[in-house]
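Data first, discussion second: the structure below is written as structure tokens.
This one's a predicted model, so the numbers in the text were calculated from it and none came from an experiment.
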Amino acid sequence: MKVILIHGFHRSPRDMRTLKNNLQLLGYECYAPKFPLTFNEFDQSVSQLENFFATLPLEKGEKVHLVGHSTGGLLIRKFLEETKFIDRIGRAVLIACPNHGSRFVDIIHQFKFWTKIYKTLHSLRTDYVKQLKLMENYPTEIAAIAGTKNSIILRNIINEENDGRIEVSSVYFSGLTDFATLPYGHKEIHHKIETVQLVDHFLRMGKFEKKDSKQLELQNT
């Protein structure tokens, strides 16, 4: 099975390496392209993902799964709304994705210098995501994983469960096929074995369920 892995804000394909290596150990064929998710609004990368998808060597009837971390998850949602390849999409998993925007970014936006430069960050504001009017129900199965390991700084700013960057309530939306939380922070959750196991089971079965111990030695960081 083919999977496209999409990194988050101010990151590169290298940040998806652990997830990629572990999914490959489980038999997936993984692609991790680079997207301009630092100085451009995330929705501007939709055409790049569309062009990348068009280059994939697919068998007749073969479908491709999508997995995105953080901003990469929002890119997946926007892509699913606009792509002409929707019938070639399998399932999707969004990891620590700010599906309703980030209150942490809203606070940063008060210092407009940062969001004017880092325009991807600008597009993570709750108002920006809201005005996009992203779909709730998609023609493909989507699951999301949220982290619950808060940071000391954000604990004093946002009085609800979060992963140190994104609130759990922002990761969830009503159109999800399945939803899970893991006790990890925003920067580490996509590197963890439990995340790989959840992603694997959803892509294969359409639901989350932790598997029995593997015959494979997965990498953890």
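Residues passing the salt bridge (Lys or Arg N to Asp or Glu O under 4.0 Å) test with Glu82, sequence neighbours excluded: Lys78. Applying the salt bridge (Lys or Arg N to Asp or Glu O under 4.0 Å) test to Arg77 and every residue at least two apart in sequence or in another chain returns nothing. Remark: Ser47 engages no residue in a side chain to side chain donor-acceptor pair (under 3.5 Å) (not counting sequence neighbours). In terms of the salt bridge (Lys or Arg N to Asp or Glu O under 4.0 Å) criterion, Glu59 has no residue partners (sequence neighbours excluded). The ring-ring contact (aromatic ring centres under 6.0 Å, His included) test applied to His65 returns no partner, not counting sequence neighbours. Here Asp43 pairs with Tyr128 under the side chain to side chain donor-acceptor pair (under 3.5 Å) rule; sequence neighbours left out. Partners of Thr126 by side chain to side chain donor-acceptor pair (under 3.5 Å), not counting sequence neighbours, listed by chain and number: Asp106. With sequence neighbours excluded, no residue forms a ring-ring contact (aromatic ring centres under 6.0 Å, His included) with Phe35.
Here salt bridge (Lys or Arg N to Asp or Glu O under 4.0 Å) pairs that include residues 21-37, with residues two or more places apart or in two chains, are Lys2-Glu29. Residue pairs that meet the salt bridge (Lys or Arg N to Asp or Glu O under 4.0 Å) test with at least one member in residues 143-152, sequence neighbours left out, are Lys149-Glu188. Listed by first and then second residue, the side chain to side chain donor-acceptor pair (under 3.5 Å) pairs that reach into residues 49-58 are Glu50-Thr83, sequence neighbours excluded.
For Leu134 against Val129, the heavy-atom pair with the smallest separation is CD1-CG1, 4.3 Å. Scanning all heavy atoms of the two residues, the minimum distance from Glu160 to Glu167 falls at OE1-CB, 3.6 Å.
Contact check for Thr148 versus Asp163: no side-chain heavy atoms found under the 4.5 Å cut-off. The side-chain heavy atoms of Leu58 and Phe85, taken from C-beta on, include no pair separated by under 4.5 Å.
Within a 6.0 Å sphere centred on CE of Met135, heavy atoms belonging to other residues, nucleotides or ligands number more than 12.
Relative orientation of the Tyr138 and Phe173 rings is perpendicular, given thresholds of 30° and 60° on the angle between their planes.
Taking CG of Leu75 as the start and CZ of Phe42 as the end, the distance is 7.5 Å to the nearest 0.5 Å. Expressed to the nearest 0.5 Å, how far CD1 of Ile166 lies from CG of Asn99 amounts to 9.5 Å.
His100 and Ser169 share no donor-acceptor pair across their side chains, judged by distance under 3.5 Å alone.
Between His190 and His7, the ring center distance fails the sub-6.0 Å criterion.
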Pair up each side-chain donor or acceptor in residues 174-183 with any protein partner under 3.5 Å, not counting sequence neighbours, and list the distances.
residue	atom	partner	partner atom	Å
Ser174	OG	Glu136	OE1	2.7
Thr177	OG1	Ile142	N	3.3
Asp178	OD2	Phe208	N	2.7

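In this structure, the side chain of Asn22 engages the main chain of Thr18 through a donor-acceptor pair within 3.5 Å.
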